[in-house]
Structure formats: C-alpha cells, structure tokens
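Here's the structure we're looking at; comments come further down.
In what follows, residues are counted from 1 in the order of the sequence shown. This one's a predicted model, so the numbers in the text were calculated from it and none came from an experiment.
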Amino acid sequence: QVQLVESGGGLVQAGGSLRLSCAASGRTFSTYAMGWFRQAPGKEREFVAAISRSGGKTTITDSVKGRFTISRDNAKNTLFLQMNSLKPEDTAAYSCAAASTRQEAYYTYQRDYPYWGQGTQVTVSS
C-alpha cells in the first residue's frame with residue numbers, strides 16, 4: 001500500500017504558476033502509474049494528467065494542454081504537476097492518485113486508482 005501527500009497549492013493570480021508535488025511512501029513508487037485529478041466547487045472530480053511507471057508515457061487533458069506538465073522523480077518518490085498560465089477556471093482541489101501496475105501505461109479513469117491523497121487547494125484569482 002502507498003500513502004500520498006500533496007503539497008504546493010495556494011493562491012495565485014491569473015497568469016501565474018504553481019508546482020504541485022505528491023510525495024509517496026514506500027520503496028515501490030516506480031511500480032505505480034500516477035495521476036492528477038481536480039475537483040472544483042460544485043463540480044465532479046475530473047482527470048487532469050497521468051504518467052506511466054517510468055515516466056515515459058504521459059497524457060494531459062485538453063483544457064490544460066500546453067500549460068500543465070506532469071512528471072515524476074522515482075528516486076525521490078515524488079510526482080509533480082507544473083502549472084503555468086493559470087486561469088480562474090483552474091481553481092480546484094487537486095489530488096494525486098496511484099495505481100499499482102506491471103505495465104508501462106497510464107490511466108485516465110478514477111476507478112483505476114485505488115490510492116488517493118488528501119488534496120491541495122489551488123485558487124486562481126482574476
């Protein structure tokens with residue numbers, strides 16, 4: 001089992017940047033595909049980005065493509081989400097998620113992820 005703790009959220013003006021981190025416990029981080037999801041007030045949680053075990057495969061949802069980048073450092077058991085050119089509509093609670101897998105693949109559905117962090121709030125002011 002893996003435990004996930006997000007950090008890096010905060011209040012930023014539109015056009016600004018934030019870098020979210022997700023620290024994972026344990027020594028098997030490299031066996032997990034990872035993902036970022038977000039939930040805005042009054043809305044369903046939605047997929048943002050995902051990355052494979054080695055980091056060789058990534059995918060980003062269209063609404064943040066070109067602005068957000070997902071990456072990971074397996075030596076440091078950490079997942080990242082670099083967010084640039086932030087917009088007020090990016091305001092949400094951002095959560096990381098983990099899925100143990102033997103494949104070099106990523107997953108975009110919430111149901112594929114059994115492990116979740118508590119989330120970190122990102123607020124973008126206009």
Residues forming a side chain to side chain donor-acceptor pair (under 3.5 Å) with N84, sequence neighbours excluded: S17, Q82

Pairwise side-chain contact, T31 with R102, heavy-atom cut-off 4.5 Å (strictly under): no

Same apolar cluster (I L V M F W Y, side chains within < 4.5 Å links), L79/F47: no

Check: R72 side chain, S52 main-chain N or O, donor-acceptor pair, under 3.5 Å: yes

With sequence neighbours excluded, residues passing side chain to side chain donor-acceptor pair (under 3.5 Å) with S100: none

Could you list the donor-acceptor pairs under 3.5 angstrom formed by side chains in residues 55-65, with sequence neighbours left out?
residue, atom, partner, partner atom, Å
K57, NZ, E104, O, 3.2
D62, OD1, K65, NZ, 3.0

Side-chain donor/acceptor of T78 to backbone N/O of A23, under 3.5 Å: no

Inter- and intrachain pairs under disulfide bond (SG atoms under 2.5 Å apart), touching residues 97-126, at least two apart: none

Pairs satisfying ring pair (Phe, Tyr, Trp, His ring centres under 6.0 Å), at least one member in residues 48-86, at least two apart: none

Results of salt bridge (Lys or Arg N to Asp or Glu O under 4.0 Å) for E89 - residues two or more places apart only: none

Residues in ring-ring contact (aromatic ring centres under 6.0 Å, His included) contact with F29, at least two apart in sequence or another chain: none

Considering only distance and modelled atom types, tabulate donor-acceptor pairs under 3.5 Å from the side chains of residues 4-14, sequence neighbours left out.
residue, atom, partner, partner atom, Å
E6, OE1, Q118, N, 3.1
E6, OE1, G119, N, 2.8
E6, OE2, C96, N, 2.9
E6, OE2, G119, N, 3.2

All side chain to side chain donor-acceptor pair (under 3.5 Å) counterparts of Q110, not counting sequence neighbours: R45

Of all pairs that satisfy ring pair (Phe, Tyr, Trp, His ring centres under 6.0 Å), the ones with a partner from residues 103-126, not counting sequence neighbours: F37-Y113, F37-W116

With sequence neighbours excluded, residues passing side chain to side chain donor-acceptor pair (under 3.5 Å) with R38: E46, D90, Y94

Any pair counted as disulfide bond (SG atoms under 2.5 Å apart), so long as it reaches residues 39-75, sequence neighbours left out: none

